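Note that the structure is predicted; figures quoted are calculated from it, not measured. Residue indices begin at 1 and follow the sequence shown.
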Amino acid sequence: MNYHRYYPLDVVNGPGTRCTLFVSGCEHHCRGCYNQSTWRPDSGYPFTPDLEDQIITDLNDSRIPRQGLSLSGGDPLYPANISTILRLVSRINAECPGKDIWLWSGYRFQWLTNEQRKIVARINVLIDGKFIDSQKDLTLKWRGSRNQRIWYLR
């Protein structure tokens, strides 16, 4: 898996102070997407074990408490990202007690594959649905268009 950007401190992509990872790879290609540079799965930088360890360290840093991790992109549920994202969220569940995980995906919750559902079973909040430019609404919290839904899972 590749990623485009990692923010060890972020207050925009989810509630509270968070870590945010923007991954590469998206097959939705939504018209009006603000992150088109993340569509190609080979764009960005390789996601390394060192970066994975850094995310865990940052989430556990008591000097600047983080509420959790936000996963966006691209699409974290893009098929080529599944194994790496599953490993990451599983580690966070095991090694970062009390931290939540938010994930943005263009895939609809009810149509997720079994492999995608393994990830969703380990996160707290899923924002699903493609960005639809004609339904763009800047007043929505955590979403870009009215068709997107917030699923509070645990």
Are any side-chain N or O atoms of D75 and backbone N or O atoms of G106, one a donor and one an acceptor, separated by less than 3.5 Å?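 Judged by distance alone, yes, a pair lies under 3.5 Å.
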
**Prompt:** Do any N or O atoms from the side chain of R66 and from the backbone of I64 form a donor-acceptor pair under 3.5 angstrom?
**Reply:**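 Such a contact is found between R66 side chain and I64 backbone.
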
Tell me if the NZ atom of K99 is crowded by more than 12 foreign heavy atoms within 6.0 Å.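 Check passes, neighbour count above 12.
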
Between [atom1] of [X] and [atom2] of [Y], what distance do you get to the nearest 0.5 Å?
{"X": "S145", "Y": "L138", "atom1": "OG", "atom2": "CG", "answer": "10.5 Å"}
{"X": "I55", "Y": "N60", "atom1": "CD1", "atom2": "CG", "answer": "12.0 Å"}
{"X": "T139", "Y": "R146", "atom1": "OG1", "atom2": "CZ", "answer": "8.5 Å"}
{"X": "I132", "Y": "N147", "atom1": "CD1", "atom2": "CG", "answer": "3.5 Å"}
{"X": "Q67", "Y": "L59", "atom1": "CD", "atom2": "CG", "answer": "11.0 Å"}
{"X": "N124", "Y": "L153", "atom1": "CG", "atom2": "CG", "answer": "7.5 Å"}

In this structure, would [X] and [Y] fall into the same cluster of hydrophobic residues linked by side-chain contacts under 4.5 Å?
{"X": "V125", "Y": "L71", "answer": "no"}
{"X": "M1", "Y": "I123", "answer": "yes"}
{"X": "I127", "Y": "V89", "answer": "no"}
{"X": "F109", "Y": "I85", "answer": "yes"}
{"X": "W102", "Y": "V120", "answer": "no"}

Search all heavy atoms of [X] against all heavy atoms of [Y] and return the closest pair with its distance.
{"X": "E27", "Y": "P79", "result": "OE2-CD, 4.3 Å"}
{"X": "P41", "Y": "Y78", "result": "CG-OH, 3.6 Å"}
{"X": "T113", "Y": "Q116", "result": "N-OE1, 2.8 Å"}

**OP:** Step through it carefully: locate the ring centre of W104, locate the ring centre of W142, and say whether they are under 6.0 Å apart.
**Re:**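 No, too far apart.
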
Mind checking what makes side-chain hydrogen bond (donor to acceptor under 3.5 Å, both in side chains) contact with [X], not counting sequence neighbours?
{"X": "N81", "result": "none"}
{"X": "S134", "result": "none"}
{"X": "R122", "result": "S90"}

Hey, are the side chains of N2 and Y45 touching, using non-hydrogen atoms and a 4.5 Å cut-off?
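No; the side chains remain at least 4.5 Å from each other.
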
**R108 side chain reached by R149 side chain, heavy atoms, under 4.5 Å** =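 Of all side-chain heavy-atom pairs linking R108 with R149, at least one is under 4.5 Å.
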
Going by side chain to side chain contact (heavy atoms under 4.5 Å, CB included), name the residues that satisfy it together with E52, two or more places apart in sequence or in a different chain.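 For E52 the side chain to side chain contact (heavy atoms under 4.5 Å, CB included) partners, ignoring immediate neighbours, are F47, R87, L88, R91.
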
Distance-only donor-acceptor pairs under 3.5 Å for side chains of residues 11-24, two or more places apart:
residue	atom	partner	partner atom	Å
N13	ND2	D10	OD2	2.7
R18	NE	S70	OG	2.7
R18	NH1	P15	O	3.0
R18	NH1	D100	OD1	3.0
R18	NH2	L69	O	3.1
R18	NH2	D100	OD1	2.7
T20	OG1	D10	OD2	2.5
S24	OG	S43	O	2.7

Just checking, any donor-acceptor pair under 3.5 angstrom between side chains of [X] and [Y]?
{"X": "D58", "Y": "Q54", "result": "yes"}
{"X": "W151", "Y": "D128", "result": "yes"}
{"X": "Y7", "Y": "R5", "result": "yes"}

Pairs involving residues 133-143, ordered by first then second residue, that meet salt bridge (charged side-chain N to carboxylate O under 4.0 Å, His left out) (sequence neighbours left out)
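Residue pairs passing salt bridge (charged side-chain N to carboxylate O under 4.0 Å, His left out), neighbours aside: none found.
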
